[in-house]
Amino acid sequence: MKKNSLKILKKYFCFICLLSALCILGFNFASAKIITVCSDCEIKTIKEALALSLDGDVIVIKEGYYKENNLLVDKSIKITGENKVVIDLEFVNQGFVIKKENVTVSNLEIRNINVNYIQDLSAIRVEYTRGCTIENNKIYNSFFAVYLAESKDCIIRNNIIKGDAKSESSSGNGIHLWNCSNILIEKNETSGHRDGIYLEFLKNSKLNGNYSHNNLRYGMHFMFSDSNAYTKNVFRENGAGVAVMYTKYTEMRENRFEDNWGPASYGILMKDISNSIIMRNTFYKNTTAVYLEGSDMLQITANNFIENGWAMKILGNSLNNTIISNNFEGNTFDVSSNSTRNENVYQWNYWDKYEGYDMNKDDIGDVSYRPVSLYSMLIEKIPESIILLRSLITDILDVTEKVLPVFIPETLVDNSPRMIKYKYD
Amino acid sequence: MIKKIFKYVVFELIRSRIVWAYAVFLLLSTLGLFYLGQNSSKTVISILNIILFIIPLVSIIFGTIHLYNSKEFIEFLLTQPVDRKTVYWSEYFGLACVFSFVFTICTGIPVLIFNFSFTSIYLITSGIILTFVFISLAFLSSVINNDKVKGIGLSIILWLYFAIIFDGLIMSVFYLFRDYPLEKIIIFLTSLNPVDLSRVMVILQTDVSAMMGFSGATIQNYMGSFTGKVYAFAILILWILIPSYISYKIFSRKNF
């Protein structure tokens, strides 16, 4: 009898344990609630909703105009807008500050972020966390728009970011990442900032299909950001183009660098970049399409250089780069260098200025081509001589140098120039 | 009276085959460049090269030869009651106007049709000014030399000087004084050559000027401003007036 009752007691205990476990689980399920915010709802402000929410909740903001700022998100929630939700920061403070993992912010329009010289005020700021998603937002009149600091595994996608930058010193960046890793930045449009996309200490990330244009300084600017891939981005009409520095293992494919035209504009300026791949990009109408300074072991392959001032400016401290199978067409100068030595390899490129012949019809010219003209060397040495641009004497100099090369680097030569243009599109 | 002689000069020139050849050459090269090049603003730059090369050459050589060839006509005119001033200036304007007219029709109008822009207007203006400048120089060299061969030789040397040698000298100046700031000196030096001056003025109008870097920006500041343009224009006009006036002075005292 005693034994039996003990058994029953055990059974009961087990049952109760199970029940309570179920209860706890069930309670948790019930708690993943949807909080709706609108002007006629019970909850009228986003701040209230944020205060009421718990991990796993969804905050749905209905169409309307919300004058709020400093929205601290410290729970793992989803914040999403329905139709046109405008959050006006009225030039005070910042917008969303995300400090918890797995937060989603989507479909919102955030406006009017204040310019501040002490804090980097931003529309959406993510700090010390992981797994955030920032999607389909429109951010207008921003100082900084999307700012990620020390975060991982985030997605920034389909955002339209428009700033109203007047001067470099009083403006911020569109997408600003500092010390992040494993981030996907995709299909965003940034304009009117100091730098469209600014990356510092970013690792293992991907940037695809972004469009950065009409920014005051750079379309994209990164430093110390190893092992990232940049694909199918477009950088157009930025004050100084794209500048990248102090980075290894970068891959840039199928990007377009266009219309970066001005006395200090570059398609892409590379300083201390090494072991990277630059492939199938198009450089169109830039003052200087590619500028290499202290950059080593780059594979510059299958790119189009069309109608640039200088297709490539390679300083003497850039070594062991391979420039292979590119198209050079309609550039004022193809390659220029400040050094009389050459440590880079040029091969199988198509040069529209090439005047050689092809006897055996293998599409490879039988005479080698020297892409550096004497005049372009002269400009590197004496910048004032640019005043003689398009004068007869420079043509004469170039022709004599072509016939009898003395000054231009002896090894800077494409020994197998291609006769017909490659078709990369 | 000046009108009458002017008319004779013009009619005589229109009958000249060289003027027609010049017209056909200008027209064909302009149209050819526009048809071959896809980018019309770059084509304008290529046309600039033709203008800076061909116009001075043809104007100065043809101008010199023309004056020698019309020596008998001029001598005949001077036996009549016509003063030398009239003869000289109607010869000068006859030649310059015909050449500018040919240039305007054969290069100017196609350029304006294919690429109507400020650059094109500058291009055409500088073409016309260069025609006048080099015909002035042609008259000068033929007036100071009685010998035809010497006169043509001097003209060729003058052309070589303005088209090539001067730039070579500028380049050596840059090289010798490369440690000094040269921006202001550049502007002074370019004023000494009408070809350079008009080239710089046209290039500053195009987007190629962005390639000119720091020294280009300084030059743009001086020459691109309104005063700079007025200055350049005034210098170019001086380049027309001074040689033609000197040669007129010599012409009016000359023994035929």
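Values below: all heavy atoms of this structure, side chains included; hydrogens, waters and symmetry mates excluded.
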| said: Are there over 12 heavy-atom neighbours, none belonging to A:Glu410, within less than 6.0 Å of that residue's CD? | reply: no

| query | Is A:Trp348 atom CH2 crowded by more than 12 heavy atoms from other residues, nucleotides or ligands, each under 6.0 Å away? | reply | no

| Within 6.0 angstrom of A:Tyr424 OH, more than 12 heavy atoms from elsewhere | yes

| Per-residue contact mode, A:Thr394 against chain B (heavy atom under 4.5 angstrom) | side chain

| said: Check this for me: B:Phe233, atom CZ, are more than 12 non-hydrogen atoms of other residues, nucleotides or ligands nearer than 6.0 Å? | reply: no

| query | Taking A:Leu389, A:Ile396, A:Thr287 one by one, which has the highest count of heavy-atom pairs under 4.5 Å against chain B? | reply | A:Leu389

| task | Please flag which part of B:Thr190 lies under 4.5 Å from any non-hydrogen atom of chain A: side chain, backbone, both or neither. | result | side chain

| Max heavy-atom pair count under 4.5 Å with chain A, selected residue of B:Leu48, B:Ile45, B:Asp196, B:Leu189 | B:Ile45

| request: Under the side-chain hydrogen bond (donor to acceptor under 3.5 Å, both in side chains) rule, collect the residues that match up with A:Asp164, sequence neighbours excluded. | output: A:Lys166

| What is the minimum heavy-atom distance between B:Arg199 and A:Ile387, and which atoms define it? | NH1-O, 2.6 Å

| field | Sorted by number, residues from residues 164-175 of chain B in contact with chain A (heavy atoms, under 4.5 Å) | value | B:Ile164, B:Asp167, B:Gly168, B:Ile170, B:Met171, B:Phe174, B:Tyr175

| So with a 6.0 Å cut-off around CZ of A:Arg341, is the heavy-atom count from everything else above 12? | no

| Taking atom CG of B:Leu182 and atom CD1 of A:Ile382, what is their separation to the nearest 0.5 Å? | 9.0 Å

| If you count the non-hydrogen atoms of other residues, nucleotides and ligands that lie under 6.0 Å from CD1 in B:Ile18, is the total more than 12? | no

| query | For B:Phe101, does the CZ atom have more than 12 heavy-atom neighbours from other residues, nucleotides or ligands under 6.0 Å away? | reply | no

| Under 4.5 Å from any heavy atom of chain B - which part of A:Lys285 | side chain

| task | Check whether A:Ile379 gets within reach of chain B through its side chain, its backbone, both or neither, counting any heavy atom under 4.5 Å. | result | neither

